[in-house]
Trainee: 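Please see the structure below; I have some questions.
Here is how names work: the chains are called A, B, and so on, in the same order as the sequence lines, proteins then strands, and each is numbered from 1.
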There are 2 protein chains.
Amino acid sequence: MNDSGAVSGPDFRPLYAQVRELIIGRMLRGDWRPGDILPSEGRLAAEFGVSQGTVRKALDEMAAQNLVVRRQGLGTFIARHSQQHALFHFFHIRDERGVKELPTGRVLQLRQRKAERAEARRLDLPPRSAVWAMRRLRALRGKPVILERIALPAALFPGLELPLGRDLPDELYVLYQQRFGITVVRAEEKLRAVAADALDAKSLGVAEGTPLLEIDRLARGLDGRPVEWRLSRCNSAHHHYYSEIE
Amino acid sequence: MNDSGAVSGPDFRPLYAQVRELIIGRMLRGDWRPGDILPSEGRLAAEFGVSQGTVRKALDEMAAQNLVVRRQGLGTFIARHSQQHALFHFFHIRDERGVKELPTGRVLQLRQRKAERAEARRLDLPPRSAVWAMRRLRALRGKPVILERIALPAALFPGLELPLGRDLPDELYVLYQQRFGITVVRAEEKLRAVAADALDAKSLGVAEGTPLLEIDRLARGLDGRPVEWRLSRCNSAHHHYYSEIE
DNA sequence: CAGTGGTCTAGACCACTTA
DNA sequence: AAGTGGTCTAGACCACTGA
């Protein structure tokens with residue numbers, strides 16, 4: 001592997017891409033867990049039999065994807081979803097002035113049942129697999145703004161329990177990671193405008209028919225497999241969804 | 001500049017960041033225009049008095065931001081908004097199956113007038129500066145789906161003319177670049193759900209009060225200054241806004 | 001102080017493109 | 001064949017961190 005020509009061998013992927021996969025493989029196996037410090041670049045290079053520059057390129061890429069965090073003078077760490085980070089990254093609702101507020105979440109319902117057809121399809125599960133179905137109401141400045149319907153593959157979240165009916169400054173993704181070892185690394189969202197139905201209206205305190213912003217999010221784990229399907233309906237009267245294009 | 005210690009001098013920015021700025025400066029001055037090929041890494045390195053690796057790091061960053069396009073065996077080029085690229089990058093509306101369709105645009109109105117207060121504020125212009133005000137209707141598969149209100153600083157678009165009333169597969173950003181040398185490099189979007197007003201309803205062929213997806217976009221040029229403010233109202237009955245979070 | 005990542009350099013071979 | 005970016009290596013000095 002020291003000879004750069006070896007890259008043209010049976011495996012055509014660049015060395016740094018292979019290094020990256022080796023590291024992710026260890027994360028998936030649980031050898032390295034969120035918050036752990038990695039061996040230094042030099043040690044990793046020696047272990048994998050490549051140069052330090054190659055390890056560096058792999059780690060730089062992973063840092064750009066928020067998989068690891070690098071700190072000069074300290075080391076490289078497996079990224080951990082903090083309240084702050086998860087919020088910054090996955091919560092895109094802001095108020096009129098563009099300020100992000102800390103949302104609270106109140107779980108209204110949580111039960112295990114067989115997946116509906118749409119749920120099985122979106123989560124890439126066999127028909128009628130077991131799923132957790134959750135309903136949650138999120139508030140900003142104490143006012144209910146978002147009603148969420150969440151579906152989770154039950155197999156990934158054994159024994160899931162959550163306190164019902166209390167407003168908590170919870171980020172579910174922190175919980176997924178800490179209690180079940182599942183790290184959400186990316187998500188796809190589809191946004192629509194819809195009219196509030198009776199349940200939306202009651203939960204959010206608006207009139208039936210009020211335009212709401214619907215966010216359909218599929219979240220994926222380290223291995224790219226679906227981890228959560230979340231359908232949110234937001235009262236966008238005093239908030240909006242913020243997105244940057246670069 | 002050859003001595004790496006020089007970086008600790010009066011200018012604390014890394015060399016590759018300085019190289020990046022030198023290159024962007026030349027793009028802003030018009031020395032290098034969209035589509036132009038840059039000198040090779042080696043030549044740039046010699047010219048700037050740094051190593052090839054440092055130029056490479058600067059160019060790699062710029063490629064990641066779509067400012068340049070690198071092609072192995074060919075060279076590095078100043079990025080050009082093609083119809084395809086602008087669409088892929090800045091048009092986020094998709095149909096129910098997640099497929100992106102080619103939209104057409106019909107300019108309903110285009111005139112120059114004094115900026116309204118909100119326009120001046122968003123575009124960072126002095127009050128009552130001259131702006132172009134445009135109204136445009138965009139269709140997908142021949143059906144009107146998006147009504148846009150667009151404001152442009154008149155100073156940046158002298159003599160702007162557009163054919164009125166015809167459906168054209170136009171990307172305005174391609175036009176901005178080709179006719180006015182203005183390259184849109186990033187944009188900030190705020191999304192809300194709103195009820196269709198009388199004009200929306202008539203233009204989009206929906207009932208008044210129908211929930212519409214409103215997209216408030218501020219586009220910025222190479223130098224980071226606002227270039228366009230666009231307020232779009234979309235019928236999201238058969239389409240959605242797609243966004244990826246990584 | 002020793003160890004870490006951050007930056008910079010120099011030089012090698014490779015794959016790809018055009019001519 | 002010549003020139004380009006893509007990958008990989010080796011080694012240097014820097015700034016930052018914690019003990």
Trainee: Could you give the CD-to-C1' distance, from B/Gln72 to C/dC13, as a whole number of Å?
Mentor: 12 Å

Trainee: Establish, with yes or no, whether the OP1 or OP2 oxygen of D/dC8 is under 4.0 angstrom from a side-chain nitrogen or oxygen of A/Ser51.
Mentor: no

Trainee: D/dT4 phosphate, OP1 or OP2: any side-chain N/O from B/Ser40 under 4.0 angstrom?
Mentor: yes

Trainee: Taking only side-chain nitrogens and oxygens of A/Thr54, does any of them come within less than 4.0 Å of OP1 or OP2 of D/dT9?
Mentor: yes

Trainee: Taking atom types as modelled, find out whether B/Ser243 and A/Glu189 have a side-chain donor-acceptor pair closer than 3.5 angstrom.
Mentor: no

Trainee: How many Å lie between CD1 on B/Ile37 and C1' on D/dT4, as a whole number?
Mentor: 8 Å

Trainee: Between atom CG in B/Leu44 and atom P in C/dC8, what is the gap in whole Å?
Mentor: 16 Å

Trainee: Once you round it to whole Å, what is the distance between C1' of D/dG5 and CG of B/Leu59?
Mentor: 10 Å

Trainee: For C/dC8 and B/Tyr16 - does any side-chain N or O of the residue sit under 4.0 Å from the phosphate oxygens OP1/OP2?
Mentor: no

Trainee: So, is B/Arg43 close to the D/dT4 phosphate, meaning a side-chain N or O under 4.0 Å from OP1 or OP2?
Mentor: yes

Trainee: Using whole Å, report how far CG of B/Leu15 lies from P of D/dC14.
Mentor: 14 Å

Trainee: Taking only side-chain nitrogens and oxygens of A/Lys57, does any of them come within less than 4.0 Å of OP1 or OP2 of D/dT7?
Mentor: yes

Trainee: Whole angstrom is fine here: how far is it from CD in A/Gln52 over to P in C/dC8?
Mentor: 16 Å

Trainee: Do A/Arg71's NZ or CZ and the ring of A/Phe77 fall within the cation-pi criteria of under 6.0 Å and 45°?
Mentor: yes

Trainee: How many whole angstroms separate atom CG of A/Asp60 from atom C1' of C/dT4?
Mentor: 14 Å

Trainee: Indicate whether the side chain of A/Gln65 and that of A/Arg20 have a donor and an acceptor atom separated by less than 3.5 Å.
Mentor: yes

Trainee: Distance to the ring centre below 6.0 angstrom and angle to the axis at most 45 degrees; does that hold for B/Lys57 and B/Tyr16?
Mentor: yes

Trainee: Please determine whether a side-chain nitrogen or oxygen atom of A/Arg70 lies at a distance below 4.0 Å from atom OP1 or OP2 of C/dT4.
Mentor: no

Trainee: Considering only side-chain heavy atoms of A/Pro14, which listed nucleotide, D/dG18, D/dC8, D/dT4, is closest?
Mentor: D/dC8

Trainee: What's the CD-P distance between B/Glu41 and C/dG11, to the nearest Å?
Mentor: 16 Å

Trainee: Name the nucleic acid region contacted by A/Arg56, choosing base, sugar-phosphate or nothing; use a 4.0 angstrom heavy-atom cut-off, strictly under.
Mentor: base

Trainee: Apply the ring-ring contact (aromatic ring centres under 6.0 Å, His included) test between A/Tyr173 and each candidate in A/Phe180, A/Phe90, A/Phe91; give the one that qualifies.
Mentor: A/Phe90

